[in-house]
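Step one of this worksheet: look at the structure below.
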Amino acid sequence: MNFEKQQYITIKDVLSHARILISYNDARILLQNVLKINHAYIITHPEQDLTPIQIHTFQLLVKRRASGEPVSYILGECEFYSIKFKVTPSVLIPRPETELLVDLALEKISLGMSCEILDLGTGSGAIAITIAKHRALSNVTAADNSADAIAIAKTNSEYLSVNNVHFIKSDWFGELTRKKFDLIISNPPYIALNDPHLNQKDLRFEPELALVAGQDGMDCIQTIISSATSYLNAGGWLLLEHGYNQAKITKQLLKESGFINIFSRSDLAGISRVSGGRYDPPL
Ligand SMILES: C[S@@+](CC[C@H](N)C(=O)[O-])C[C@H]1O[C@@H](n2cnc3c(N)ncnc32)[C@H](O)[C@@H]1O
């Protein structure tokens with residue numbers, strides 16, 4: 001993008017130049033952030049001029065995006081379940097498909113219910129905080145093995161004024177007191193060590209601790225399922241997000257650990273994305 005010879009440079013000009021390097025949508029979002037305007041404003045004011053400082057700032061952001069850096073890390077925020085969360089490269093960028101996990105959790109907890117909920121591998125806190133916001137009577141414990149992730153999740157809960165979540169640095173259940181929960185939920189790492197996707201797109205910039213789970217991607221799911229029964233009340237639910245090809249093995253593991261009412265649900269792309277079951281302790 002070189003605008004040195006042009007006297008006036010408009011919204012339309014900078015977007016069409018950026019389009020050579022990055023997608024229109026990404027360019028639009030970055031420009032909205034620089035100009036502090038919304039999408040409608042871009043559409044209705046294409047001829048508005050930019051100041052040299054605005055052009056320079058936008059050019060720097062476009063350069064970062066062109067080098068592959070995810071838009072959410074560039075802007076330091078990401079929308080999940082229509083809520084804005086702060087994110088840094090220390091946490092996974094919450095994905096739209098994970099909203100299914102929240103939908104299913106909210107299905108299990110009715111509005112008037114007071115419930116103990118555990119979110120394992122909370123990252124930015126997106127799942128825990130969203131559930132806590134929608135179910136004010138619930139108590140949510142959010143755990144992660146990364147101190148940086150816990151710090152960001154805490155910042156998010158403060159900035160979103162959510163008071164019914166508490167955070168703990170813990171290796172899965174390791175540091176929890178042996179309290180019992182009515183619902184355990186997790187979007188754990190589930191990518192196989194040698195999966196070529198790890199070297200592509202956004203995944204290159206995200207923390208390995210948030211993505212990789214051993215040779216077949218099942219290490220974390222297996223660990224969580226095998227311990228969950230010790231932390232669930234009778235009749236409590238375990239809900240897990242997993243990879244596109246992991247529903248069958250996840251359901252098998254749930255069955256072997258004594259869960260009943262086992263099910264899988266597909267995301268909007270039709271990919272089997274969440275599996276879960278209810279804990280039925282032996283009499
Ligand atoms: C796929 S990310 C999910 C983040 C967030 N829940 C979301 O859905 O956006 C998995 C999370 O698990 C955490 N994690 C990895 N190993 C862990 C462990 N042994 N104990 C606790 N958390 C762990 C990572 O730090 C990361 O935040």
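For ligands, and for the atoms within them, numbers begin at 1 and follow the listed sequence.
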Parallel, tilted or perpendicular, as decided by the 30° and 60° cut-offs, for the rings of Y279 and F259: tilted
Sub-3.5 Å N/O-N/O distance, D144 and ligand 1: yes
Name of the residue among Q246, E241, H242 meeting side chain to side chain donor-acceptor pair (under 3.5 Å) with Y190: E241
W172, any N or O under 3.5 Å of ligand 1 N or O: yes
D171 near ligand 1 by a heavy-atom separation under 4.0 Å: yes
Residue pair T10, D13: steps toward the side chain to side chain contact (heavy atoms under 4.5 Å, CB included) verdict: CA-CA 5 Å; T10 64; D13 292 333; 3.1 Å; yes
Q252, CD: over 12 other non-hydrogen atoms inside 6.0 angstrom: yes
Within 6.0 angstrom of H166 NE2, more than 12 heavy atoms from elsewhere: yes
Heteroatom distance test (N187, ligand 1): nitrogen or oxygen, under 3.5 angstrom: yes
For atom 15 (C) of ligand 1, closest protein heavy-atom neighbour: L209 O, 3.2 Å
S170 touching ligand 1 at heavy-atom level, < 4.0 angstrom: yes
For R135, the option from N164, I109, T130 that meets side chain to side chain contact (heavy atoms under 4.5 Å, CB included): I109
Min heavy-atom dist P189 to ligand 1 below 4.0 Å: yes
Distance-only N or O hit between ligand 1 and N145, under 3.5 Å: yes
Six-ring centre of F85, K133 cation under 6.0 angstrom, axis tolerance 45°: no
Heteroatom distance test (G121, ligand 1): nitrogen or oxygen, under 3.5 angstrom: yes
Residue I127 vicinity, atoms of ligand 1 by number, heavy atom under 4.0 Å: 6 (N), 8 (O)
Residue and atom name of the nearest protein heavy atom (relative to atom 2 (S) of ligand 1), distance in Å to one decimal: A210 O, 3.5 Å
Rounded distance (nearest 0.5 Å) linking atom CD1 of I224 with atom OG of S257: 12.0 Å
Those atoms of ligand 1 less than 4.0 Å from some heavy atom in T98: 8 (O)
CD-CZ distance between E69 and F205, expressed to the nearest 0.5 angstrom: 6.0 Å
Per-atom contacts of ligand 1 with T122, taking only distances under 4.0 Å to non-hydrogen atoms: 5 (C), 6 (N)
